Number of protein chains: 2
Amino acid sequence: MLGRIPKRTITRLTLYYRGLAESRRGDFVSSNEMSKLTGFSADQIRRDLSYFGQFGISGRGYSVVGLRKKLIKILGVDKQCNVAVVGAGNLGSAMLKYGGFEEHGFRIVCGFDANQGKTGRSIAGKRIFDFSRIKKVSRRLKIKIAILTVPAPVASVVARKIVESGIKGIMNFAPINLHLPTTVQVLNMDMGISLQRIAFLLKKGGYR
Amino acid sequence: MLGRIPKRTITRLTLYYRGLAESRRGDFVSSNEMSKLTGFSADQIRRDLSYFGQFGISGRGYSVVGLRKKLIKILGVDKQCNVAVVGAGNLGSAMLKYGGFEEHGFRIVCGFDANQGKTGRSIAGKRIFDFSRIKKVSRRLKIKIAILTVPAPVASVVARKIVESGIKGIMNFAPINLHLPTTVQVLNMDMGISLQRIAFLLKKGGYR
DNA sequence: CCTTGTGAAGTTATTCACAGCA
DNA sequence: TGCTGTGAATAACTTCACAAGG
């Protein structure tokens, strides 16, 4: 167990966690059942879990409760993580209004915007601060991750300032490549690119 | 050239295209310059491009115009692709209002919602149709891709109906695993999972 | 029987390294 | 010299297949 963990394993673990939450029947769940639930192969699931120790029972499977706890611990879902939305436009506002992250341990605590017309007021009970104050506010509110929803032309500059403020994780919705220090974890959610990938796969008939 | 193209190559091609659009100086661009622009290795870039034929010039690099045209052709950006938003809530409305997809060849033509209070009217000039009409409307408007922004509990059912209506590409924002026929291309944009991945990498210090 | 966990094999993707061209 | 394009080597990841446990 626990050599080097493949990157994709982490993504899958979140999906196992999700899948486990969906079905809640029986005390034990086998890798085969998990496979049907998540679409990944049973082999893969066992391998992924084995990176973190052995907690399955031969002939039975994994204790649902135990597996759940394990995944929570691995993924750190037990700890609260505060998140801020940077850019209170259409998409940013939608994020602020969406409450679905809480159950996974993430709390959107506030927004930031550079536009005077948006700062000061609240959206879904979350205050929109002036972006210039991000350093102080994010420190005070212990913000660990920023959701970046500003327009593409300013995204690079804004991202750099986010990093300067001490935030080390960014979920980037702007359709550009931010290049930031490798100490910063950036995850791109570029919808244009996603549409292009889908379109390409449709044209090509997918990978069979 | 052109054996089997790695899946990830497609994702990268869209990023090369994007990177190319960002810098527009000089007639030629080398794989090394592209590397700095996109963050992928020059080797990787050359390999990826070589799957689609040889159009670089030794000692100079790739013609910016030529490469751009090639990428457009490979990715099919030249063709219009019509998209619908299914679920006109906060996120769906934000999508309808966002105009940034057009330049990449995607046009959001309409929305669908099952809620009487939302159907009939328009958002950002795009009509919201009753979801029950999706089959006819999507056929008439030649919709190829659906952006799924309905709440998680109904997402499975809605997705199935989308597929029945003949749409074969789905960008899924609902935080659940849709399992659909393999002929359907699904791309998950689960923000909860993305946050978890970022949080995990922050904790672990990333992959160096 | 049914399971897990894991070496070994197989597959896929990336990097190395260099011949050949401008 | 500076660059591409690509075999060969390497690394990363997944699947096979089976011993061992229940």
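Residue numbers start from 1 in every chain, and the chains themselves are labelled A, B, ... in the order their sequence lines are given, proteins ahead of strands. Please read these numbers as outputs of a predicted model, since none were measured by experiment.
The side chain to side chain donor-acceptor pair (under 3.5 Å) check on Asp27(A) picks up nothing, with sequence neighbours excluded. Here Arg197(B) pairs with Thr11(A) under the side chain to side chain donor-acceptor pair (under 3.5 Å) rule; sequence neighbours left out. Partners of Lys126(A) under the side-chain contact (heavy atoms from CB on, under 4.5 Å) rule, at least two apart in sequence or in another chain, are Leu96(A), Ile108(A). Asp113(A) is linked by a side chain to side chain donor-acceptor pair (under 3.5 Å) to nothing, counting only residues two or more places apart in sequence or in another chain. Every residue was checked against the side chain to side chain donor-acceptor pair (under 3.5 Å) condition with Ser63(A), not counting sequence neighbours, and none meets it.
To the nearest angstrom, C1' of dG2(D) lies 13 Å from OH of Tyr62(B). Between Arg4(A) atom CZ and dC13(D) atom P the separation is 6 Å, expressed in whole Å. One interatomic measurement links the two molecules: CG of Asp27(A) to P of dG22(D), which rounds to 18 Å at whole-angstrom precision. A straight line from CE of Met34(B) to C1' of dT4(D) spans 14 Å, rounded to a whole angstrom. Counting to the nearest Å, the P atom of dT4(C) and the CG atom of Asn32(A) are 8 Å from each other. As rounded to whole Å, 13 Å separates atom C1' of dA13(C) from atom CZ of Phe40(B). Across the protein-nucleic acid pair, Leu49(A) atom CG and dT15(D) atom P stand 15 Å apart, rounded to whole Å. One atom, CD1 of Ile10(A), and another, C1' of dA12(D), lie 15 Å apart when rounded to the nearest Å.
You'll find the side chain of Met171(B) stays beyond 4.5 Å of the side chain of Val186(B), heavy atoms only. Counting heavy atoms from C-beta outward, Phe173(A) and Met191(B) have side chains that approach closer than 4.5 Å.
OP1 or OP2 of dG21(D) has not a single side-chain nitrogen or oxygen of Gln54(A) nearer than 4.0 Å.
Looking at heavy-atom distances under 4.0 Å, Phe55(A) makes contact with sugar-phosphate atoms alone, never a base. Within the nucleic acid shown, Phe28(B) has no heavy atom closer than 4.0 Å to any nucleic acid atom.
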Scoring nucleotides 14-22 of chain C by protein non-hydrogen atoms under 4.0 Å (B base, S sugar-phosphate only, - none) yields SBBB--BBS
